[in-house]
Asker: 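There's a structure below that I have some questions on.
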Protein chains: 4
Amino acid sequence: MINRVILVGRLTRDPELRYTPNGVAVATFTLAVNRTFTNQQGEREADFINCVVWRRPAENVANFLKKGSLAGVDGRLQTRSYEGQDGRRVYVTEVVADSVQFLEPKSSSEQRGTTAGGYYGDPFPFGPNQNPRSTNDPGFSRIDEDPFANDGQTIDISDDDLPF
Amino acid sequence: MINRVILVGRLTRDPELRYTPNGVAVATFTLAVNRTFTNQQGEREADFINCVVWRRPAENVANFLKKGSLAGVDGRLQTRSYEGQDGRRVYVTEVVADSVQFLEPKSSSEQRGTTAGGYYGDPFPFGPNQNPRSTNDPGFSRIDEDPFANDGQTIDISDDDLPF
Amino acid sequence: MINRVILVGRLTRDPELRYTPNGVAVATFTLAVNRTFTNQQGEREADFINCVVWRRPAENVANFLKKGSLAGVDGRLQTRSYEGQDGRRVYVTEVVADSVQFLEPKSSSEQRGTTAGGYYGDPFPFGPNQNPRSTNDPGFSRIDEDPFANDGQTIDISDDDLPF
Amino acid sequence: MINRVILVGRLTRDPELRYTPNGVAVATFTLAVNRTFTNQQGEREADFINCVVWRRPAENVANFLKKGSLAGVDGRLQTRSYEGQDGRRVYVTEVVADSVQFLEPKSSSEQRGTTAGGYYGDPFPFGPNQNPRSTNDPGFSRIDEDPFANDGQTIDISDDDLPF
DNA sequence: TTTT
DNA sequence: TTTT
């Protein structure tokens, strides 16, 4: 049962960082991935893919990525459903990232020490090997069952829903 | 802009084969991909992922796969939206398969010529290199904008929506 | 820096299981992955890809897979070089598997309890979430620097070479 | 038989462009993909992966990428063997790219028309949908059987070896 | 509800 | 609306 997704695209807006009641960080963001082909109007369209990332990489995402950032994601597809505010079941498909790759060059302000402009810094420590562990943040925010929808209902995600 | 999905799972029901007005085949099916980890109740859950495949491989899927079949998919993630019957916009995420891999052993009836039971036949010709071309079937069926939902509205997909 | 490989193919021979001096299991095997296209002689060729897997999944591979088994691999590409027996540097490219998926149906002997023959059992516990930990086996075998070549030189791999 | 590789890394040197006797372009390059983990000395190592790309994308690679460029590759693993100059069989594992993604921002010289510096241009037309066709260049160069080794032997690759 |  |  193989389930693997790899994406490179741009954040459509700043990522959102939240915490479970137990203080585990979770970040959500949407990647716009431009298609390589064009439609019959000759326009290049994009797919807009919701992504979730947990624990330490979540905080890195929140700290280093913002709207427009180019990023790579290596993860798996997840489907969930939840009760919408109108009582209808809503089905969600999203990517749970194992690792997120920062693909922007260092910003010009950080680049000051650099001679030939335009090279990339080392990726920030986003890999799956960064011994992710639960942060003990007081949890300043709760997460809805659908972290992408602000439907009002705020059923908590328990820490047991963590994918690892 | 990389967009790649690889899945191995089982069909949750028989695939559905349809044709665009121009006679291009499109098959849809859902893969149940069991997770490798268990939830806090110790149950192994699954993700249910909608897949679409076009042209010749679509017909192969319809002919060779059925509910319960083990299959591999190599494709890309696509997001779409359409107008639901209640006027609300419905967002869809699905996998558009470039190739579908048949992972079942030949059935016992086909296995008759075989000595040591249980080996797999060569995969049927599903690859992206099977020079896919538009079939000229009269098109016995039309395809809704959301091929997974039978919402009633039957806005046709034009052949130009084909991903290749 | 994304590095992801997904394969489905058949073992070309029985896997080999070894142990580092510290008792960490490592299994090696080669997957034959048939190409989807044919060469100009109309023959379907295959790629023969060396794979390595560590710890618990290594022992599962050794116990459940054998020559001819259909298996899926999700891992990363690794390149190494070592000193060949003639003093020349040998360059190696192989796949380090994060998880190995057993894609064979249960063998006929195990299938006895089964009504309609030919379905697959649940995959054996191969996932990356099976809390891999170092076995403390006495280590009946050592591993060469190139686990695929038996060139004679037996420079040990230290446990620190483990990819996680 | 699934065979899929996705990489993001940097070119270790300028790509090399050659032509088969029939004038089909083929480019080769090596990607350095930094590992996300460090070895016991605390150093981050890299894997150096040979890549091949054919036809139009080959020419794009040669025109737009150079030593140090950040690039993404979506392709498949290929193994080959050839007769080395000392008569020994040499085994090669490389990635045949279906598409190559240009991940560098436009260089400052090209950026002149740009207001807020540092954004990326649209990827150059590298996708698998760019209707690749054989160029009819006079073929200023021939390709060895191992395009990465300049071992002297120059057995030609026929156009029939093209992967599509 | 979309990025460059 | 889910497979083994």
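Below, chains carry the letters A, B, ... as their sequence lines are ordered, and counting in each starts from 1. The analysis underlying the following values was restricted to heavy atoms, covering all of them including side chains, and did not include hydrogens, waters or symmetry mates. Predicted model only: the values in this text are computed from it and were never measured.
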Asker: Whole angstroms only, please: what is the CZ-C1' distance between A/Arg35 and E/dT2?
Answerer: 13 Å
Asker: Side chain of A/Thr30 only, please: which of E/dT3, E/dT2, F/dT2 is the nearest?
Answerer: E/dT2
Asker: Contact class for A/Gly68 (heavy atom, under 4.0 Å): base, sugar-phosphate, or nothing?
Answerer: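 If one applies the 4.0 Å heavy-atom cut-off, A/Gly68 turns out to touch the sugar-phosphate alone, with no base involved.
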Asker: Of the options F/dT3, E/dT3, F/dT1, whose atoms approach the side-chain atoms of A/Asn34 most closely?
Answerer: E/dT3
Asker: Rounded to whole angstrom units, what separation is found between the CZ atom of A/Phe48 and the P atom of E/dT1?
Answerer: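 So the CZ-P distance, A/Phe48 to E/dT1, works out to 11 Å.
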Asker: Provide, to the nearest angstrom, the distance between the CG atom belonging to A/Leu11 and the P atom belonging to E/dT3.
Answerer: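 Result: 11 Å.
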Asker: Just to verify, what does A/Tyr91 make a side chain to side chain contact (heavy atoms under 4.5 Å, CB included) with, not counting sequence neighbours?
Answerer: A/Ser81, A/Arg89
Asker: Could you tell me how far apart A/Leu31 (CG) and E/dT1 (P) are, to the nearest whole angstrom?
Answerer: 19 Å
Asker: Just compare F/dT3, E/dT3, E/dT2 and give me whichever is closest to any side-chain atom of B/Tyr91.
Answerer: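 The listed nucleotide nearest to B/Tyr91's side chain is E/dT2.
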Asker: Mind calculating the distance between CZ (B/Phe29) and P (F/dT2) to the nearest angstrom?
Answerer: 19 Å
Asker: If you measure only the distance, is there a donor-acceptor pair under 3.5 Å linking the side chains of B/Asp47 and A/Gln78?
Answerer: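 The answer is no; no qualifying pair exists.
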Asker: Output the single nucleotide from F/dT3, E/dT3, F/dT2 whose closest atom is nearest the side chain of B/Arg13.
Answerer: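 Between F/dT3, E/dT3, F/dT2, the one nearest the side chain of B/Arg13 would be F/dT2.
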Asker: Rounded to whole Å, please give me the gap between CG in A/Leu7 and C1' in E/dT2.
Answerer: 15 Å
Asker: List in chain and number order the residues that pass side chain to side chain donor-acceptor pair (under 3.5 Å) with A/Asn3, two or more places apart in sequence or in another chain; answer none if no residue qualifies.
Answerer: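 Per chain and number, A/Asn3 pairs via side chain to side chain donor-acceptor pair (under 3.5 Å) with no residue.
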Asker: Could you check whether B/Ser99 and B/Asp74, counting side-chain N and O atoms only, form a donor-acceptor pair closer than 3.5 Å?
Answerer: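 Judged by distance alone, the side chains do not pair up.
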Asker: Round to the nearest Å and state the distance from A/Asn50 atom CG to E/dT2 atom C1'.
Answerer: 10 Å
Asker: Atom NZ of B/Lys66 to atom C1' of F/dT3: distance rounded to whole Å?
Answerer: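 Atom-to-atom, B/Lys66 to F/dT3, this comes out as 12 Å.
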